[in-house]
Amino acid sequence: MSAMPELPEVEVLVRHLSPLLKGRTVRGVEVRRAKVIAPTSARELKRKLTGATFTGLTRRGKYLLFQLRTRGGRGTVLVTGHLGMTGRMYLQSSSRVFPKHAAVVLNFGRHDLIYEDQRYFGRFTLGDDILERLGPEPFSREFSAEHLAEALKGSRQAVKVRLLDQRLVAGIGNIYASEILFRAGISPRRAAGRLKIAEVRRLWRAVRGVLAEAIAHGSTVPLNFEDGKRRDGIFYYGRAPGAADYYEERLRVYDRAGKPCFKCGAGVKRVEQAARSTYFCPKCQR
DNA sequence: CACCATGTTCCTTG
DNA sequence: CCAAGGAACATGGT
């Protein structure tokens with residue numbers, strides 16, 4: 001399976017890129033796919049970024065937030081990035097030959113920041129307006145068990161589908177939604193508003209636990225974005241670049257239809273919810 | 001060759 | 001009006 005960036009993957013990437021970008025000044029901006037910067041125009045992006053210096057990179061949900069200082073040092077520039085399903089961002093030595101699906105390239109002189117995206121579902125836009133639509137960060141104080149209970153209350157929607165709503169809590173995607181419900185021992189098909197208090201608490205703990213473990217694991221895998229082959233070693237599986245046979249399964253249920261549940265041995269099931277795959281153990285998850 | 005995969009936004013239906 | 005579901009986006013893998 002290839003890599004789909006959800007909160008943990010973006011967090012690991014941000015930790016990796018942040019120190020590499022800090023202090024670098026943009027010398028050139030190449031937009032190869034206007035779609036990913038819309039509604040920003042290429043002209044505007046170039047004008048704002050050229051000569052600006054990176055001061056910080058943070059994460060909000062699955063979004064990356066780039067912060068820069070303008071040439072004179074007076075103003076600030078914000079750029080919001082999203083990796084969609086197939087986006088990658090990495091720094092490499094400058095080259096006139098860009099990767100096939102390079103969408104935006106920032107040149108720093110001897111190095112380039114490449115944003116490539118096979119399907120161009122991601123984004124790289126000026127401003128941070130989009131972040132206002134997001135609910136709380138899962139590790140923030142604001143995301144409490146009470147907040148979760150309140151957000152689920154009265155909803156007849158399946159709890160799995162609710163977890164994907166970025167206004168409820170930011171950063172959970174289709175893969176970790178299944179993983180979280182498996183850990184919580186709750187069926188993805190349960191109506192969100194029907195969960196008992198104890199179940200909501202278990203779910204809340206599982207959200208933090210699953211995401212935190214994924215970040216911790218991803219942080220142990222050395223990143224190597226310049227080997228030209230696998231650029232997704234950090235995602236979901238721990239596979240260190242150059243160590244082809246090091247393979248550690250991290251996912252407990254996702255993509256395991258028909259295989260035995262790690263807890264009880266029963267067969268993992270796949271169902272479709274809101275046109276997305278959901279995996280769960282019908283015995284462990286009620 | 002037909003179908004499936006991920007995330008987000010937008011549109012339609014109930 | 002809101003909830004829920006599905007399509008569209010683009011590409012490659014099976």
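Quick note on labels: first sequence line is chain A, next is B, and so on, each numbered from 1.
- A:F124 does not carry A:R33 over the face of its six-membered ring by the limits of under 6.0 Å from the centre and within 45° of the normal.
- Separation of atoms CD1 (A:I114) and OG (A:S95) is listed at 8.0 Å; rounding is to 0.5 Å.
- Rounded to a whole Å, the CG atom of A:L164 is 9 Å from the P atom of B:dT8.
- Separating the OH atom of A:Y176 from the C1' atom of B:dG7 is a distance of 15 Å, rounded to the nearest angstrom.
- A donor-acceptor contact under 3.5 angstrom links the side chains of A:T278 and A:Q273, judged on distance only.
- What separates NZ of A:K153 from P of C:dA3 is a distance of 14 Å, to the nearest Å.
- A salt bridge does not link A:E6 to A:K62: none of the charged side-chain nitrogens sits closer than 4.0 Å to a carboxylate oxygen.
- One interatomic measurement links the two molecules: CZ of A:R256 to C1' of B:dA5, which rounds to 19 Å at whole-angstrom precision.
- Within 4.0 Å of A:R167, counting heavy atoms only, lies no atom of the nucleic acid at all.
- Using a 3.5 Å distance cut-off with no hydrogens or angles, the side chains of A:Y176 and A:E9 do pair a donor with an acceptor.
- Nearest approach of A:R270 to A:S277, heavy atoms of both residues: NH2-OG, 2.9 Å.
- Minimum heavy-atom separation, A:L83 to A:P5: CB-CG, 3.5 Å.
- The distance between atom CG of A:D255 and atom C1' of C:dG13, rounded to the nearest whole Å, is 13 Å.
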Give the B/S/- string for nucleotides 9-14 of chain B, one per nucleotide from 5' to 3', where a protein heavy atom under 4.0 Å of the base yields B, of only the sugar-phosphate yields S, and otherwise -.
S-----

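- Distance A:L83 CG to B:dG7 P: 12 Å, rounded to the nearest Å.
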How does protein reach along nucleotides 5-12 of chain C, written 5' to 3' as B (base within reach of a heavy atom under 4.0 Å), S (only sugar-phosphate), or - (no contact)?
----BBBS

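- In this structure, the CZ atom of A:R156 is 10 Å from the C1' atom of C:dA4, given to the nearest Å.
- Rounding to whole angstrom units, CG of residue A:L64 and P of B:dG7 are separated by 15 Å.
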